[in-house]
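Inspection log for the structure reproduced underneath, given as structure tokens.
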Amino acid sequence: VGFFMAIMFYFGNLCYLYISLSYIQMLKTATPIITMIALTVARLETPSTGLVLSVLLIAAGTAVTSVGEAHFNWLGFTYMLLSQIADAVRLVMTQVMLSKLSFHPLEGLL
């Protein structure tokens, strides 16, 4: 969990060198999409139709902001995506620790 948190912070901070702050904030709206996919792959969550439609709406909005970005940079976008994937993996691992391994909630913070 700590390793993926470090990866999330590393790539999350690195992307500031390549893309604008406003664009980073828009890309962060995709984090629930990646988290839902990670939870589904780990078989911890079965998404409902309403949840999938909501997430698709978020994805469409994020795609529209990417098309309109004047200074799009693939490297910055990739760093932000890696940060979000690391965050999603961290959240899934925390969920496994708290639910299946019966860890105390404070242990999930470490």
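Below, all heavy atoms of this structure are taken into account, side chains as well, without hydrogens, waters or symmetry copies.
- Side-chain contact between Thr46 and Thr40 is absent, with no heavy atoms from C-beta onward closer than 4.5 Å.
- Shown here for Gln84 and Lys28, the closest heavy-atom pair between the two residues is NE2-CA, 3.3 Å.
- A chain of hydrophobic side-chain contacts below 4.5 Å, direct or via other Ile, Leu, Val, Met, Phe, Trp or Tyr residues, connects Leu82 to Phe3.
- Taking every heavy atom of both residues into account, Pro47 and Met36 meet most closely at CB-SD, 3.9 Å.
- Listed here is the closest heavy atom pair of Gly12 and Cys15: O-SG, 3.0 Å.
- No continuous path of ILVMFWY side-chain contacts below 4.5 Å connects Met93 to Leu91, so the two sit in separate hydrophobic clusters.
- Summarising the geometry of Tyr79 relative to Phe11, their closest heavy-atom pair is O-CB, 3.3 Å, with the distance given to 0.1 Å.
- Under the 4.5 Å side-chain heavy-atom criterion for grouping Ile, Leu, Val, Met, Phe, Trp and Tyr, Leu57 is not connected to Val55 through any hydrophobic cluster.
- Judged as a side chain to side chain contact (heavy atoms under 4.5 Å, CB included), and not counting sequence neighbours, the contacts of Leu27 are Ile19, Tyr23, Thr62, Ser66, Phe77, Met80.
- Considering only heavy atoms from C-beta on, Ile7 stays 4.5 Å or farther from Ser83 through its side chain.
- Contact check for Thr31 versus Asp87: side-chain heavy atoms found under the 4.5 Å cut-off.
- No single ILVMFWY cluster, assembled from side-chain heavy atoms under 4.5 Å apart, contains both Ile34 and Leu56.
- Atom OG1 of Thr35 sits about 9.0 Å away from atom CZ of Arg90, to the nearest 0.5 Å.
- In plain terms, the two heavy atoms of Thr29 and Pro32 that are nearest each other are O-CD, 3.2 Å.
- Hydrophobic cluster membership differs between Met26 and Ile58, with clusters built from Ile, Leu, Val, Met, Phe, Trp and Tyr side chains linked at under 4.5 angstrom.
- Here the closest heavy-atom approach between residue Asn73 and residue Tyr18 is recorded as CB-O, 3.6 Å.
- Considering only residues two or more places apart in sequence or on other chains, Ile37 meets the side chain to side chain contact (heavy atoms under 4.5 Å, CB included) condition with Ile33, Val41.
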